Colleague: 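Please read through the structure below; I'll follow up with questions.
Predicted model, so just to flag it, every value in this text is computed and none were measured. Convention: sequence-line order gives letters A, B, ...; per-chain numbering from 1.
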2 protein chains.
Amino acid sequence: MVTGMQSSTSAARPGRPRSAAADAAILEATREALVELGWSKLTLGDVATRAGVAKTTLYRRWAGKNELVVDAVAALFDELELPDRGSLAADIEGVVLQFAAILDLPEAKSGLMAVVTESTRDDALRERIRESIVDRQKRLVLEGRARATARGELPPETDPEEAARTADLIFDMVAGAVVHRTLVSARPADEEWVRNFTRVLLQGLGGPA
Amino acid sequence: MVTGMQSSTSAARPGRPRSAAADAAILEATREALVELGWSKLTLGDVATRAGVAKTTLYRRWAGKNELVVDAVAALFDELELPDRGSLAADIEGVVLQFAAILDLPEAKSGLMAVVTESTRDDALRERIRESIVDRQKRLVLEGRARATARGELPPETDPEEAARTADLIFDMVAGAVVHRTLVSARPADEEWVRNFTRVLLQGLGGPA
DNA sequence: CAGTTACGCTACGACTCGTAGCGAAAGCGA
DNA sequence: TCGCTTTCGCTACGAGTCGTAGCGTAACTG
């Protein structure tokens with residue numbers, strides 16, 4: 001969730017507690033509005049109406065459109081997993097297809113890209129995106145590499161700093177390619193594309209066709 | 001420029017001609033406003049004031065914010081070139097560094113991402129982006145491959161359909177990785193990163209470190 | 001000079017923004 | 001049961017932006 005609450009298990013403060021149901025309804029209404037209206041035409045007043053809460057309630061919990069949409073979209077990426085398919089190539093293909101399926105949702109398309117756009121001028125927002133979305137998924141790269149190393153498909157890493165750099169690079173290459181394919185080229189990241197992508201990623205451009 | 005004019009060298013229509021200087025001033029003012037205000041806070045009224053034209057003039061030429069920013073940003077990418085550096089790796093590194101430098105401009109960051117975001121809900125806008133930005137740069141991939149094939153660094157393509165698919169894949173991988181590195185990871189695509197990226201792209205993950 | 005188009009300017013209704021103020025509701029401890 | 005505290009829904013508000021219409025003037029053509 002990562003709302004800006006004062007967290008730290010404040011454990012039963014006095015007064016009326018915030019409605020957890022309202023939180024869920026607001027986030028769901030936000031995703032719904034993203035699908036129907038897109039980012040630019042989404043208004044907080046409309047979201048409040050859809051969620052059945054007052055506009056003021058919404059402003060009491062989120063600072064603005066950006067923060068709200070980050071939370072609404074972040075949940076979509078939490079279901080990503082890396083099932084063990086027996087080989088590095090198969091593992092990559094599997095997780096990339098999952099990622100592509102999520103990115104194919106209209107609420108993910110417009111929501112994620114919009115907050116990334118806004119983050120170019122808002123460092124706090126960028127940090128929030130990194131915490132609640134990006135860094136959480138980087139685990140997939142580390143896990144996949146660990147498995148592949150155990151299988152003997154990749155040489156063991158010696159320099160930990162070098163290893164971290166490579167992990168970041170892989171993440172940028174995988175996520176970047178899928179996003180560009182889906183949003184800019186506007187063509188589906190289907191099985192055939194993923195197969196070709198994985199081949200180039202593993203064997204390079206000179207590899208067998 | 002790619003404004004929606006009726007083109008086809010309409011050759012001296014009657015009446016007062018549109019001021020070319022106004023076009024240039026508006027696009028320049030748009031880039032300036034993107035730097036200072038970012039996408040979401042950019043208003044067409046402000047752009048008109050900066051450019052020294054009336055707001056109505058602006059609306060007579062562009063349908064809205066999206067179309068205006070596409071034209072304002074497209075020009076930034078036209079200076080990309082592919083100087084012959086003697087090897088495929090060096091060619092790639094050179095053009096990627098150029099691309100990264102452009103993406104580092106604030107007006108490119110916020111402007112490009114914003115219109116891509118809007119294009120998820122506007123097919124006409126996406127097509128406009130493809131025409132005036134994306135497809136124009138795909139030439140770099142084709143040129144680089146042709147050179148590499150001539151040098152013997154890549155096997156000659158036999159199936160033209162397969163060749164086109166691969167070119168699209170490469171473009172998504174290169175552009176996507178640089179964009180993700182620059183905007184999402186928010187770290188510089190400097191020489192070291194580009195060197196590592198190129199190595200993985202050419203030799204794959206299993207290649208020598 | 002008449003015809004046509006672009007221009008700058010002003011004004012407008014419609015909409016969204018984010019906030020303030022109010023009374024009522026919901027939880028807590030005494 | 002009674003206060004105390006916080007949240008809630010609701011209404012209202014000034015400020016700002018949107019996109020368009022109307023008007024008189026400027027620029028160019030035949």
Colleague: Please list, chain by chain and in numerical order, all residues satisfying ring-ring contact (aromatic ring centres under 6.0 Å, His included) with A:F99, sequence neighbours excluded.
Modeller: none

Colleague: For DNA chain C, determine which residues of residues 34-47 of chain A have any heavy atom closer than 4.0 angstrom to one of its atoms, and list them numerically.
Modeller: A:T43, A:L44, A:G45

Colleague: Rounding to 10°, can you tell me the angle the first-five-pair axis of the helix from C:dC1-D:dG30 to C:dA30-D:dT1 makes with its last-five-pair axis?
Modeller: 20°

Colleague: Can you tell whether the side chains of A:R165 and B:E192 come within less than 4.0 Å, N to carboxylate O?
Modeller: yes

Colleague: Would you check if A:L68 and A:K65 make a side-chain contact, meaning some heavy-atom pair closer than 4.5 Å?
Modeller: no

Colleague: Without decimals, in angstroms, what is the distance between B:W62 CH2 and D:dC18 C1'?
Modeller: 18 Å

Colleague: Rounding to a whole Å, what distance do you find between B:I26:CD1 and C:dA6:C1'?
Modeller: 12 Å

Colleague: Output the rounded distance in Å from CG (A:L58) to P (C:dT16).
Modeller: 15 Å

Colleague: For nucleotides 8-12 of chain C, tabulate all protein N/O to nucleotide N/O atom pairs closer than 3.5 Å, reporting atom names and distance.
Modeller:
from: C:dG8; atom 1: OP2; to: B:A54; atom 2: N; distance (Å): 3.3
from: C:dG8; atom 1: OP2; to: B:T57; atom 2: OG1; distance (Å): 2.7
from: C:dG8; atom 1: O6; to: B:R60; atom 2: NH2; distance (Å): 3.2
from: C:dC9; atom 1: N4; to: B:T56; atom 2: OG1; distance (Å): 2.9

Colleague: For nucleotides 25-30 of chain D, list the nitrogen or oxygen atoms of the protein found under 3.5 Å from its nitrogen or oxygen atoms, one pair per line.
Modeller:
from: D:dA26; atom 1: N3; to: B:R16; atom 2: NH1; distance (Å): 3.2
from: D:dA27; atom 1: O4'; to: B:R16; atom 2: NE; distance (Å): 3.4

Colleague: Keeping to residues at least two apart or across chains, list the ring pair (Phe, Tyr, Trp, His ring centres under 6.0 Å) pairs with something in residues 183-202 of chain B.
Modeller: B:W193-B:F197

Colleague: Quick one: does any side-chain atom of A:R181 pair with a main-chain N or O of A:A186 as donor and acceptor, under 3.5 Å?
Modeller: no

Colleague: Nearest-Å distance, OH (A:Y59) to P (C:dT16)?
Modeller: 11 Å

